Enquirer: 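First the structure, which I've put down as structure tokens, then a few questions once you've had a look.
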Amino acid sequence: MIDLATIPDLLVEHLPEHLPRQRWSGAHDRTVSAVSVRWHEVVCEDDESSLVWAVVDVTLDGTEQQAYQLFVGLRPVSGGAEFLAGKDREIIAEVPCDDGGPVVLYDALVDPDLAIAVLHLAAPDVEVEVRRPIVLEHSNSSIVFDESSILKVFRKIEPGPNPDVEITRTLAANGYEHVLPPLAELRRDDTDLAVLREFLVGATEGWQLARTSVRDLLASRLPPEETGGDFAHDAERLGAILGDLHLAMAEAWGVVPGDAPRWAAEMEDHLRGLVSEGSLDVHPTRLDTSAVADRYHQLAELDDAGVELRIHGDLHLAQVIRADTGWFVLDFEGEPARRRSERFTTSSPLRDVAGMLRSFHYAAATGLAEWVEGEDDIDRELLELADAWDLRSRVHFLMGYLSADGVEALLPAETASRDRVLAAFELDKAVYEVGYELGYRPDHAVIPLAGIDRLLRAEQPS
């Protein structure tokens with residue numbers, strides 16, 4: 001094996017190429033200008049493998065600073081690390097060794113043996129046998145152990161408590177039953193680095209359930225209420241759980257009057273950022289930015305915007321799971337593409353509602369895309385069915401949300417004001433999605449652009 005004292009130099013040399021390949025880094029289209037190792041620690045070492053734990057400070061595009069947590073595995077290339085087959089993206093580098101063959105440096109979370117060593121940093125007394133990494137396209141990575149617990153490792157780290165740990169711990173302690181509280185936590189230098197939770201065997205992601213429902217709808221060509229996979233009941237129950245979540249968060253952290261002018265200013269800032277980055281220049285569909293900005297101005301004029309409280313911040317169908325015991329809400333870390341200062345702020349509870357409504361639109365649109373090859377081939381019947389599914393899901397979700405006892409006290413008193421706030425947050429979410437899709441999946445940008453067009457064509461409440 002190589003001298004582990006050389007690890008910092010190797011990371012400085014090879015991370016500029018490795019990090020942009022990692023979805024969790026948020027650096028896929030960025031230039032890694034500089035890397036420095038804040039600290040590193042050898043967790044375990046033997047002749048077959050070694051594990052190094054590190055935090056590195058990275059400069060992106062010459063200005064932006066980001067800290068990443070890394071677990072680096074080392075094995076001889078000739079050692080037969082079968083788990084790396086097909087995982088070239090997880091390999092950091094192959095380096096020569098003075099007293100033997102080359103050594104491969106790689107992301108240790110994909111190593112079934114070293115993953116247990118990572119677990120024991122957070123929960124030293126937990127004994128496990130079976131482990132399997134779960135690849136998540138977020139700012140974290142997760143590993144399941146013995147189908148009973150799941151370790152979430154935070155990749156992009158910041159000082160202080162991570163909201164996903166703090167919020168779920170507090171809500172569970174206060175009796176809210178639809179989150180998974182921490183079983184163990186890993187902290188260092190006042191920074192949350194990982195959290196262990198119960199793994200719900202048989203639980204299904206909301207996105208998968210919705211897509212299955214859409215697939216059943218389009219295959220049957222029946223109205224959504226007549227299909228066996230009708231999603232309306234799930235949507236309504238999910239809405240009620242979100243209403244209860246906002247009430248629980250209001251009780252735990254309090255509320256303040258909603259600040260519609262500030263919300264509108266933040267939305268306009270997001271819109272200007274999308275335009276100034278030139279992202280829209282690469283897409284043939286034009287976005288009527290002046291019409292979007294006009295809706296934000298109308299939001300700013302509201303006298304009653306409801307209240308502001310701590311919210312989920314990135315709520316969509318992939319952030320909820322349904323188990324035998326009901327729905328659970330996951331991942332309270334905010335939108336990964338937002339600036340950190342924007343991700344964990346308080347806002348209107350209708351921002352979370354808007355996020356879920358946008359997710360219904362995505363489920364219907366991507367489901368429809370599986371059945372058509374292009375715009376010229378769209379089957380009008382299928383298009384109408386997909387739109388009907390989207391509308392039905394929206395209506396039942398909102399029915400469930402408003403059925404939560406006390407939730408209306410968090411919202412604008414007048415229905416017209418409530419609709420205006422919700423529509424503005426839907427627009428803001430769709431604008432965010434346009435920027436995200438143009439950066440990652442340009443062919444998907446038509447989905448949020450269509451959502452924006454639909455919102456702009458809707459009659460604006462007076």
Side-chain angles (χ1 to χ4, degrees), residues 122 132 134-154 162-185 192 194-213 231-253 309-336 349 351-353 355-360 362-363 393 396-397 400-401 403-405 407:
R132 57 180 175 88
I134 294 181
V135 179
L136 297 175
E137 295 188 341
H138 297 294
S139 56
N140 56 72
S141 298
S142 296
I143 313 164
V144 175
F145 297 93
D146 287 349
E147 301 299 308
S148 62
S149 61
I150 181 168
L151 181 71
K152 179 178 180 179
V153 176
F154 301 120
N162 186 294
D164 192 38
V165 181
E166 177 193 11
I167 290 175
T168 53
R169 184 200 308 119
T170 301
L171 289 176
N174 289 357
Y176 184 73
E177 299 178 348
H178 300 282
V179 293
L180 299 174
L183 301 176
E185 302 169 25
D192 282 325
V195 59
L196 184 70
R197 293 191 172 96
E198 178 185 3
F199 180 73
L200 299 178
V201 177
T204 306
E205 188 181 78
W207 176 256
Q208 181 178 343
L209 288 170
R211 285 295 306 274
T212 299
S213 174
F231 193 69
H233 175 75
D234 280 319
E236 188 166 341
R237 181 60 186 143
L238 194 54
I241 285 170
L242 177 60
D244 288 339
L245 172 65
H246 286 153
L247 290 166
M249 297 183 87
E251 181 180 358
W253 289 282
L309 66 152
R310 291 193 76 165
I311 61 169
H312 184 282
D314 186 27
L315 192 66
H316 51 79
L317 286 164
Q319 303 285 44
V320 294
I321 57 174
R322 192 187 69 187
D324 291 341
T325 51
W327 284 101
F328 290 83
V329 184
L330 311 176
D331 295 332
F332 287 79
E333 291 185 87
E335 294 169 335
R351 179 174 165 182
D352 279 346
V353 174
M356 189 59 73
L357 297 183
R358 289 293 311 134
S359 197
F360 293 149
Y362 255 83
S393 298
H396 281 266
F397 178 79
Y401 184 77
S403 72
D405 188 19
V407 77

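Computed from a prediction, not measured in an experiment: that's the story for all the values here.
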Enquirer: Look at the side chain of H178 and the backbone N and O of W327, then say whether any donor-acceptor pair between them is shorter than 3.5 Å.
Expert: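 Yes, H178 side chain to W327 backbone: donor-acceptor pair under 3.5 Å.
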Enquirer: Strictly distance-based, threshold 3.5 Å: is any side-chain N or O of S359 a donor or acceptor partner for the main-chain N or O of M356?
Expert: no
Enquirer: So, do Y401 and L245 sit near enough that their side-chain heavy atoms are less than 4.5 Å apart?
Expert: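 Side-chain contact under 4.5 Å: no.
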Enquirer: Looking only at the side chains, is there a donor atom on one of H246 and D352 sitting less than 3.5 Å from an acceptor on the other?
Expert: yes
Enquirer: When you measure from the side chain of N162 to the backbone of D164, do you find a donor-acceptor pair of N or O atoms at a distance under 3.5 Å?
Expert: yes
Enquirer: On a heavy-atom basis, which atom in A240 and which in A404 lie closest, and how many Å separate them?
Expert: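 Scanning both residues completely, I find the closest heavy atoms to be O-CB, 4.1 Å.
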Enquirer: Nearest heavy-atom pair of Y176 and A248: which atoms, and what distance?
Expert: CD1-CB, 4.1 Å
Enquirer: Show the numbers, then the answer: is there a side chain to side chain contact (heavy atoms under 4.5 Å, CB included) between M249 and I167?
Expert: CA-CA 8 Å; M249 297 183 87; I167 290 175; 3.9 Å; yes
Enquirer: Indicate the atoms forming the closest heavy-atom contact of A122 with A184, along with that distance.
Expert: O-CB, 3.7 Å
Enquirer: E166: which residues meet the salt bridge (charged side-chain N to carboxylate O under 4.0 Å, His left out) condition with it, sequence neighbours left out?
Expert: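 Checked E166 against salt bridge (charged side-chain N to carboxylate O under 4.0 Å, His left out); matches are R310.
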Enquirer: Quick one: closest heavy-atom pair of A210 and A363, and the distance?
Expert: CB-CB, 4.0 Å
Enquirer: Going from CH2 on W253 to CD1 on I311, what distance comes out if it is rounded to the nearest 0.5 angstrom?
Expert: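 Spacing of CH2 (W253) from CD1 (I311) equals 12.5 Å.
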Enquirer: Rounded to the nearest 0.5 Å, what separates atom CD1 in I321 from atom CD in Q208?
Expert: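 Result: 11.5 Å between the selected atoms.
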Enquirer: D324 vs L200, test: side chain to side chain contact (heavy atoms under 4.5 Å, CB included). Steps then yes/no.
Expert: CA-CA 9 Å; D324 291 341; L200 299 178; over 6 Å; no
Enquirer: Say you draw a straight line from OG of S149 to CZ of R197; how long is it, rounded to the nearest 0.5 Å?
Expert: 12.0 Å
Enquirer: Heavy atoms only: give me the nearest T168-V179 pair and the separation to one decimal.
Expert: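 Scanning both residues, the minimum pair turns out to be O-CG2, 3.9 Å.
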Enquirer: When you look at CD of E185, are more than 12 heavy atoms from neighbouring residues, nucleotides or ligands closer to it than 6.0 Å?
Expert: yes
Enquirer: Before you tell me yes or no, could you show the steps for L247 and D405 under side chain to side chain contact (heavy atoms under 4.5 Å, CB included), namely the whole-Å CA-CA distance, both residues' side-chain angles and the distance that decides it to 0.1 Å?
Expert: CA-CA 9 Å; L247 290 166; D405 188 19; 5.7 Å; no
Enquirer: Looking at CG of L183 and CD1 of I150, how far apart are the two atoms once the value is rounded to the nearest 0.5 Å?
Expert: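 Here the interatomic distance stands at 11.0 Å.
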Enquirer: For side chain to side chain contact (heavy atoms under 4.5 Å, CB included), just list the numbers for F360 and L317, CA-CA rounded to whole Å, side-chain angles, deciding distance to a tenth of an Å, and then say yes or no.
Expert: CA-CA 8 Å; F360 293 149; L317 286 164; 3.9 Å; yes
Enquirer: Taking the side chain as C-beta and beyond, is there a heavy-atom pair between F154 and V195 under 4.5 Å?
Expert: yes
Enquirer: Checking salt bridge (Lys or Arg N to Asp or Glu O under 4.0 Å) for the pair R169/D192: CA distance, chi angles, key distance, verdict?
Expert: CA-CA 13 Å; R169 184 200 308 119; D192 282 325; 5.2 Å; no
Enquirer: Do R322 and L209 make a side-chain contact, defined as non-hydrogen atoms from C-beta onward lying under 4.5 Å apart?
Expert: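 Yes, at least one pair of side-chain atoms sits under 4.5 Å.
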Enquirer: If only atom types and distance count, is the side chain of H312 paired as donor or acceptor with the main-chain N or O of L330 below 3.5 Å?
Expert: yes
Enquirer: Rounded to the nearest 0.5 Å, how far apart are CZ of F231 and CG of L238?
Expert: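 Answer rounded to 0.5 Å: 6.5 Å.
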Enquirer: Side-chain contact, heavy-atom cut-off 4.5 Å: K152 with L180?
Expert: no
Enquirer: Just wondering, are more than 12 heavy atoms of other shown residues or ligands nearer than 6.0 Å to CD in E177?
Expert: no
